[in-house]
Amino acid sequence: MTMLDKMRRHKNWLKWSLGLVVLAFVIFYIPDFLRGTGADAASGDTIAKVQGHDITAGEFRRSYEAQLQAYRTAYGGNMNDQLIKQLGIDRQILSQMVDERAALAEADRLGIDANDEEVRQRILSIPAFQENGAFIGEQRYQQLLRMQRPPMTPDEFENSVHRQLIVEKLRASLSEWMSISDRDLEQEYRRRNNKVKLAVAHFTADTFRSQVTASDAEITSYFNAHTTDFKIPEKRKIRYLLVDVDALRAKVVVPSADIERAYNNNIDQYSTPEQVRASHILLKTEGKDDAAVKAKAEDILKQAKSGADFAELAKKHSEDEASAKNGGDLDYFGKGKMVPEFDQAVFAMQPGQISDQPVKTQYGYHIIKVVDKKPGTSRTLAEVRQQISDQLSYERAQAQAADLSESLAKQISKPADLDKVAKAQGLTVQESGFFARDESIIGLGPAPEAASRAFEMNQGEVAGPLRASRGFVFETVVAKQDSYVPKIEEVKERVRDVVVKQKARDLSKQKAAEIAAKLKSASDFVNAAKAAGVEAKTTELIARDSPIPDVGNAPAVEDTAFSLPVGGVSDPIQTDSGTAVIKVLEKQEVTPDEWKNNRDHFREELLADRRNRFFTAYMAKAKQKMKIEVNREALQRAVS
């Protein structure tokens, strides 16, 4: 009996409805629930164990396929299988699932659980399962789950909700005690939102490199004082057998019928629906008198209809903070992207038209202006034939490589088997140079899994198949090189470059110091800098952590900028790439009204951020005490 079977016993007031429900939860809810959802009955391999909590191949595969579908929905043909694999989506998903299982293990240790009633209430609260404030009914509930890609059963979905609730309760029990004082809250808000406009004269170190040299004595002196900076990391050397996807792909022939079938089965990927560009003015109704808000909306609508500038009206009156500053502009969007009432109204209007009356939605009253419309388009089969052929050939080569790798895995158990299998298959065993954990392996390119495993193995062992950018790898470690402090001869050029860069920065500081006094007394900072041979650039109003022209992110420059008064000119400030002298042209500080209006929201945002950081740090430490095992061969089979 599913959780919703139990609901009928306790909630006889649940109303059944026949209307269509908006599938918003596909985007907004399912991704969270999919972390570790149910398994294909035939996929019982265990990919990982986290303190006794298994992650099966079926559970992983469901999450993996759901993530692939999400990427393809968002990016269409631009997000092909090759790119998805290069992004390491499989490793990201496994990491998420391991994190969730670790949280469940910690919840077990602390005696935290979620009961059936809590799961029921959570499901009932999901908007996609409601219509007119009531549950949509068991039949449509199951139908919605079957419509997911891949489909879900009620048990799978409800178990995932159960797990999510446990993790939420664990997070709350560990971090809800955290708070922040009003004084600290306001101080942080102002730190993030006060803005400053600057004129920046930046003396870039690179422009002085040609004027400096580094003698052998200087190089030796710097190296002796900073030997640990040049320490050579631990390295490995491997012999490996590569099942090359590109080599297999060159032999794949994709029949025209298969290309046509793929085109017809995925026609949505090659179609762009009708789009509209609109602007709106939103007056929110939450906590307000509906009639009064409507009357105000009608008055603003009358002004817009009478010829008033719509963008200016939006900037003045709209309560949609994201679009108001842009004159209410919502840019282009397709059907289904907005709430139904807004969607219906805007797609019935023509470019230049303003809605005849305010449109009421769950957010309030909207005054809408349609700016432009783009008709739907479809790319023909001829236009995308090569793209589909390339994708199918890659997929088939990938499948062939995976099948071959799985077959070879049964034949390779010791280093000598690499040569025997290679000879039988017409492949080549190669030897890498020494590489560090975070370096590419020459001949393989980016292969983080293969590089990582090389540091976990002992000589005489064989690992594989392991994913690499070029295909699948079987490897054995043939040599190890411990970390060591090199002789100066090994790194002399690296040291020389560091010394030259430092001397160039010092020269940039010297040059800046020579003209800083002139810049401080000049009535025109920009022209005075130009006369001294450096171009001063003017920023927009910028907040902290914003990049500064020619400088980039420079905390020291920011600290000085916000400490100086308007009109103040700094002393030389060293940056990573040179030396800057700045003048404060304008300051914009948070107003009392702005602080009052944003205080509560910012408190929630800041607390959520601090609690997340605390929880992440707590779980990182908790995981160190847990037994976590990953079956990489099972993972490879699940992805393949």
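Just the heavy atoms: all of them, side chains too, but no hydrogens, waters or symmetry mates, feed the values below. Keep in mind that this is a model prediction, so the values were computed, not measured.
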| said: Quick check for you: to the nearest 0.5 Å, what is the distance between R140 atom CZ and F135 atom CZ? | reply: 9.5 Å
| task | Indicate yes or no for a side-chain donor-acceptor contact from S95 to the backbone of R91 under 3.5 Å, with no hydrogens or angles considered. | result | no
| message | Less than 4.0 angstrom from a charged side-chain N to a carboxylate O is my criterion; do R122 and E118 meet it? | response | no
| field | H226 ring center near F230 ring center (under 6.0 Å) | value | no
| query | Any side-chain heavy-atom pair from M457 and E475 closer than 4.5 angstrom? | reply | yes
| query | Heavy atoms, side chains only, cut-off 4.5 Å: are K420 and I412 in contact? | reply | no
| task | Could you tell me whether R613 atom CZ has more than 12 heavy atoms of other residues or ligands within 6.0 Å of it? | result | no
| Sub-4.5 Å side-chain heavy-atom contact between E439 and K235 | yes
| Got V477 and K237 here, is their nearest side-chain heavy-atom distance under 4.5 Å? | no
| query | Charged N to carboxylate O under 4.0 angstrom, D54 versus R101? | reply | no
| message | Under 4.0 Å between a side-chain nitrogen and a carboxylate oxygen: does that hold for R453 and E456? | response | yes
| Under a 4.0 Å N-O cut-off, is there an ion pair linking E117 with R120? | yes
| Under 6.0 Å between the ring centres of F129 and F157? | yes
| query | Can R192 and E188 be counted as an ion pair, charged N to O under 4.0 angstrom? | reply | yes
| query | Is atom NZ of K231 surrounded by more than 12 heavy atoms (other residues, nucleotides or ligands) closer than 6.0 Å? | reply | no
| query | Under the salt bridge (Lys or Arg N to Asp or Glu O under 4.0 Å) criterion, do D90 and R467 qualify, and how do the steps go? | reply | CA-CA 10 Å; D90 52 342; R467 183 179 301 280; 3.4 Å; yes
| D99 and K623 ion-paired at < 4.0 Å | yes
| said: A quick test of your reading: do over 12 heavy atoms of other residues, nucleotides or ligands sit less than 6.0 Å from NZ of K169? | reply: yes
| request: Report yes if the side chains of R544 and D559 come closer than 4.5 Å at any heavy-atom pair, otherwise no. | output: yes
| Does E605 offer a backbone N or O that forms a donor-acceptor pair with the side chain of D609 under 3.5 Å? | no
| message | I'd like to know if D258 pairs up with R261 as an ion pair, taking the criterion as any Lys NZ or Arg NE/NH1/NH2 lying under 4.0 Å from an Asp or Glu carboxylate oxygen. | response | yes
| query | Are any of the side-chain nitrogens in R603 or D600 under 4.0 Å away from the carboxylate oxygens of its partner? | reply | no
| query | Heavy-atom distance under 4.5 Å between the side chains of V498 and K501, does that happen here? | reply | no
| note | When rounded to the nearest 0.5 Å, the distance separating CZ of F474 from CG of L427 is 10.0 Å
| Are the charged groups of D419 and R239 less than 4.0 angstrom apart, N to O? | yes
| request: Apply salt bridge (Lys or Arg N to Asp or Glu O under 4.0 Å) to the pair R62 and E156, showing each step before the final yes or no. | output: CA-CA 11 Å; R62 176 181 294 283; E156 290 167 350; 3.0 Å; yes
| request: Compare all side-chain heavy atoms of K49 with those of V630 and state whether any distance is below 4.5 angstrom. | output: no
